[in-house]
2 protein chains.
Amino acid sequence: MVLGKGQPNGTAQGDLGLFELPDRLGGQIGFVLNKVARQLHAMFTESLEPLGIKPQHYAVLVLLDASSPLSQQAIGQRLYIDRTTMVHIVDDLEKRGLAVRAKNTADRRKHAVSITEPARKVVAEAGRMADSVQEQYLAPLSQNERRQLLQLLKRLLRP
Amino acid sequence: MVLGKGQPNGTAQGDLGLFELPDRLGGQIGFVLNKVARQLHAMFTESLEPLGIKPQHYAVLVLLDASSPLSQQAIGQRLYIDRTTMVHIVDDLEKRGLAVRAKNTADRRKHAVSITEPARKVVAEAGRMADSVQEQYLAPLSQNERRQLLQLLKRLLRP
DNA sequence: TATTGTTATACTCTATAACTATA
DNA sequence: TATAGTTATAGAGTATAACAATA
């Protein structure tokens, strides 16, 4: 997708350069936020392909890597993932041998989902992919600006 | 979805509070970006329901309000929307009487898509919705921080 | 009664491929 | 040959509703 740089905004009012956004839209954080999130997500998804996982799997694995076992509900609550979606994700991880389900003996409604040993290397590798993609996508920003951006976003995130 | 505030992170390492993210994930801008974008998008979608349009329709209408007519391709390029997706969006707008397709006589491959007069009021109203949702969602940030956030995001957006 | 996990289903958003018509 | 628009189709990601097992 070669889009060039658009015309500098020397055009008459109401006559936008080919790739310019009206102020009304460019001023909306929502619009820009959405596009940026999609672009980064697409890049990360692509970078994970060789590992046979997707961003959601990565997120769950990071969590399990930090503390296994967890119930599916517990994982979902932390990652803002619905429990029905969690079923599919854990299904995928089990098929790929990256996680295992056991019964929680204390509360037999719950599963005790754990990361497998081979998966530890996969998470590590995926983490490097994540870093590399971010490094690439965030290149326009200084280290300090990246920290600022992250802090601002974190303050917006709702439970 | 009542998630509470999570435990303060006074727990032993490896033992995360119920709603805490491991540093590895919380430190990834991608993860937080994605969730924030989805939350805002969901709120905006809901607020637009009474108007019978969705965020993509709003974006196209804003563009057409600023400069009509435009070809579908031209709209899509500015809004990062695929041309096949544009077909559906313009279909929807025509059904709702918010836009009309005419043939571009200079280049008869192209459509000349224009906003309709009644639609001008809809865009204006939708714009107020957008402002209100943003005001609500961005409440944790000062005016200055909102500007910062927008500027940082805009610098990331790729063509 | 409430919670955990499951299943089936469906919706949103988007993109790919193949086509028509115009240039 | 390339571009604009269309169509059919499919995929990813997510959610809703109904259910079983367990608390």
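Reminder, nothing fancy here: chain letters follow the sequence lines and each chain counts from 1.
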Asker: Are A:Leu157 and A:Val32 grouped together when hydrophobic residues (ILVMFWY) are joined by side-chain heavy atoms under 4.5 angstrom apart?
Answerer: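 Yes, it is one cluster - the side chains of A:Leu157 and A:Val32 are joined through contacts under 4.5 Å.
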Asker: Indicate if B:Val100 and B:Val122 have the same hydrophobic cluster label, given that clusters are the connected sets of ILVMFWY residues with side-chain heavy-atom separations under 4.5 angstrom.
Answerer: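 Result: no, two separate clusters.
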Asker: Can you see if the side chain of B:His41 gets near the phosphate of C:dT12 - specifically, an N or O under 4.0 Å from OP1 or OP2?
Answerer: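 The answer is no; no side-chain N or O of B:His41 sits under 4.0 Å from OP1 or OP2.
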Asker: Find which nucleotide of DNA chain C each of A:Asn34 and A:Gln73 is nearest to by heavy atoms, and output the residue with the more 5' nucleotide.
Answerer: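 It is A:Gln73, whose closest nucleotide lies nearer the 5' terminus.
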Asker: Measuring from the side chain of A:Gln72 (C-beta onward, heavy atoms only), which nucleotide among D:dG5, C:dT6, D:dT14 has the closest atom?
Answerer: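 Out of D:dG5, C:dT6, D:dT14, the nucleotide with an atom closest to A:Gln72's side chain is C:dT6.
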Asker: Answer yes or no: is there an ion pair linking A:Glu135 with A:Arg146, defined by an N-O contact shorter than 4.0 Å?
Answerer: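 Salt bridge flag = yes for A:Arg146 with A:Glu135.
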Asker: So for A:Arg109 and C:dT3, does any side-chain atom that can act as donor or acceptor lie under 3.5 Å from a complementary atom in the base?
Answerer: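 Indeed, a donor on one side and an acceptor on the other fall under 3.5 Å apart.
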Asker: From the set C:dT14, C:dT12, D:dT6, return the single nucleotide nearest to any side-chain atom of B:Lys54.
Answerer: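 Nearest nucleotide to the side chain: C:dT12.
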Asker: Taking C-beta and beyond as the side chain, do A:Val60 and A:Ile115 meet within less than 4.5 Å on heavy atoms?
Answerer: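 No, every pair of side-chain atoms sits at 4.5 Å or beyond.
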Asker: Answer with base, sugar-phosphate or nothing: what part of the nucleic acid does B:Arg83 contact at a heavy-atom distance below 4.0 Å?
Answerer: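 Result for B:Arg83 = base.
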Asker: Between D:dG13, D:dG5, C:dA15, which nucleotide has the shortest distance from any of its atoms to the side chain of B:His88?
Answerer: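 Closest nucleotide to the B:His88 side chain: C:dA15.
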Asker: Side-chain contact test, heavy atoms from C-beta onward, threshold under 4.5 Å: evaluate it for A:Gln56 versus A:Asp92 and give yes or no.
Answerer: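 Contact flag for A:Gln56/A:Asp92 side chains = no.
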Asker: If you check every side-chain atom of B:Thr84, which of D:dA23, D:dG5, D:dT6 has the closest atom?
Answerer: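 The closest nucleotide is D:dT6.
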Asker: Taking OP1 and OP2 of D:dA4, is either one under 4.0 Å from a side-chain nitrogen or oxygen of B:Arg101?
Answerer: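 No.
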Asker: When all nucleic acid strands are considered with a 4.0 Å heavy-atom cut-off, which category describes B:Asp82: base, sugar-phosphate, or nothing?
Answerer: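 Base contact - B:Asp82 has a heavy atom under 4.0 Å of at least one base atom.
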Asker: How close or far is atom P of D:dT7 from atom CE of B:Met86, stated in whole angstroms?
Answerer: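 Rounded to the whole Å, the gap is 14 Å.
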Asker: Nearest to the side chain of B:Lys110, which nucleotide is it out of D:dA4, C:dT14, C:dC13?
Answerer: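 Within the option list, the nearest is D:dA4.
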Asker: What integer distance in Å separates A:Lys35:NZ from C:dC13:P?
Answerer: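 So the two atoms are 11 Å apart, to the nearest Å.
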Asker: Starting at the 5' end of DNA chain C, which residue's closest nucleotide do you reach first, A:Asp107 or A:Asp91?
Answerer: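 With A:Asp107 and A:Asp91 compared, the 5'-side residue is A:Asp107.
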Asker: Respond yes when some side-chain nitrogen or oxygen of A:Arg38 is under 4.0 Å from OP1 or OP2 of C:dT12, and no when none is.
Answerer: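 False: A:Arg38 side-chain N/O out of range (4.0 Å or more) of C:dT12 OP1/OP2.
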